Number of protein chains: 2
Amino acid sequence: MQHTELKVGELARRTGLSIRALHHYDEIGLLKPSAHTASGHRLYTAADIARLSHILSLKQLGFSLEEIAETLGRADFSALRVVELRLQRAREQLAEQRQLCDRLDSLARQLRAAEHVSADDFLQTIEAMTMFEKYYTPEQLKELEARRQAMGDDALRQVEAEWPRLIASMREQMEQGADPASEPVRALATRWRELIRAFTGGNPGIEKSLQTMHQQEPRMAERQGRDPQLMEYVGRAMACLDAPK
Amino acid sequence: MQHTELKVGELARRTGLSIRALHHYDEIGLLKPSAHTASGHRLYTAADIARLSHILSLKQLGFSLEEIAETLGRADFSALRVVELRLQRAREQLAEQRQLCDRLDSLARQLRAAEHVSADDFLQTIEAMTMFEKYYTPEQLKELEARRQAMGDDALRQVEAEWPRLIASMREQMEQGADPASEPVRALATRWRELIRAFTGGNPGIEKSLQTMHQQEPRMAERQGRDPQLMEYVGRAMACLDAPK
DNA sequence: GGTACAACCTCACGTCGCGTGAGGTTCAAG
DNA sequence: CTTGAACCTCACGCGACGTGAGGTTGTACC
């Protein structure tokens, strides 16, 4: 009989696991050392170590300790099926992670493009993103993202800054009772349309989604100062643009 | 006073959260309803609901409840920095997920290519993969994977089946004391070299990594019947191939 | 007024893979 | 015989709830 049996500390050092983890495996019956000293110290035999290496292999593939125990328990399991099931789970999680990264990345870019970001702006931006994900298809979102990226942060910043000014100007005209067909309103309406077209890129699907979102979520528009009354005024101004003078 | 306040059940139904979750948020102080009925039923006001929508937004970005409470607590936080930190975490997790998927995918393909997979084969394959990841660079692994994929499952299966036969034949020659320069051994050695070249694709980096692995992990080779003695015999046979008759 | 039944309430334990002590025993060396 | 390292066994803690148990309240119908 050689000195091949290892004590927990040694085994932990060699495997990189913690002593506590090995104790845990013992507790749950996943890896019980085959021997003990008279005083109760754990002694891991070569067979135990082999089992542990199998455990670590399966752990690396993302199996839970319970699944590992089950897998090692029976010799008849279908390896391919087990792996494929696990792969499916992993793929789903990967897709989620990817989506999360996209969201965060997009949000980070929006924040970089903004000038001053209050806590309120921040939360509003997130909510706007959520809305977008609700009303646009993934492909449309991709297209929008691509267009934003093509514009660059500076241009984006400018547009974001222009909107409030444009809305304020339009509101002023409305409150002064200006004719939607008058020259100053035509100019504002033209710019309004340009900005929207810069956003939609002329894509009819995106235009439609945008409309749907505005109809379904009027509160979102209101927060930006675009209440239904103003929108109706803008609508009339647009109609005047299309109609000949 | 209108009927704007919601009870837990209603709020749960509208948000898709569980009642227990809302109770939990109350417990940890993340979202305490501003009002209660005389009998203690929770009443969520419009402000509470607004706060909850912020909570859900941040939750969607993968923040922990503690982080959300902290973020909503202070108005002065740097939104960009918070998001960028979270993004970094998400990217790391994404990379891990991707690696896991790759591993599982590769393993699944290996298993599909194999004919009969015993539990032992299965575990051995995983361990081999781990070894590979230890000795080959990520680029090399990619190249190997690409070559495997190009070969197709059937060809791979054939090669996998040929190795044990080739090893057995070679061992037979060795045990019979055949001259490494003899014709039958030359034939076997030639085939041996061909199979290895099919694996390495002639890439010197991969050849080197393969050698290193064989030196460092002799036990792996032994499991496949290639003990040091046999390997030395093969080495001599190879040398005879290179040297003129 | 009584009687269902749904919706609400408050404990309080379980999950998963250990980390992190607390408090005590054993081992190997000097 | 002492010292310090290595070992032992509890046992609580995490994070975000799920899942009962056991009791009260609200509402509708007879």
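Quantities reported herein were computed from a predicted structural model and do not represent experimental measurements. Numbers restart at 1 for each chain; the letters A, B, ... are given by sequence-line order, proteins then strands.
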Indicate for each nucleotide in nucleotides 17-30 of chain C, in 5' to 3' sequence, whether protein heavy atoms under 4.0 Å reach the base (B), only the sugar-phosphate (S), or nothing (-). BBBB-----SS---
Once ring pair (Phe, Tyr, Trp, His ring centres under 6.0 Å) is applied, do any residues pair with A:Tyr136, and if so which ones, sequence neighbours excluded? A:Phe132
Residue list, ring pair (Phe, Tyr, Trp, His ring centres under 6.0 Å) with A:Phe122, at least two apart or on another chain: B:Phe77
Please list all pairs meeting ring pair (Phe, Tyr, Trp, His ring centres under 6.0 Å) that have one or both residues in residues 32-66 of chain A, counting only residues at least two apart or in different chains. none
Tell me the interatomic distance from [X], atom [atom1], to [N], atom [atom2], rounded to whole angstroms.
{"X": "B:Arg42", "N": "D:dT24", "atom1": "CZ", "atom2": "C1'", "value": "14 Å"}
{"X": "B:His36", "N": "D:dT25", "atom1": "NE2", "atom2": "C1'", "value": "15 Å"}
{"X": "B:Ile55", "N": "D:dG15", "atom1": "CD1", "atom2": "P", "value": "17 Å"}
{"X": "B:Leu31", "N": "D:dA16", "atom1": "CG", "atom2": "P", "value": "15 Å"}
{"X": "B:Leu6", "N": "C:dC8", "atom1": "CG", "atom2": "C1'", "value": "15 Å"}

Side chains of A:Thr200 and A:Asn203: donor-acceptor distance under 3.5 Å anywhere? no
Residues touching DNA chain D, which here means a heavy atom under 4.0 Å, drawn from residues 82-102 of chain B: none
Apply salt bridge (Lys or Arg N to Asp or Glu O under 4.0 Å) to [X] and list each qualifying residue two or more places apart in sequence or on a separate chain.
{"X": "B:Lys7", "value": "none"}
{"X": "B:Glu127", "value": "none"}
{"X": "B:Arg89", "value": "B:Glu67"}
{"X": "A:Asp26", "value": "A:Lys32, A:Arg42"}

A:His23 side-chain N/O to D:dT9 phosphate OP1/OP2 under 4.0 Å: no
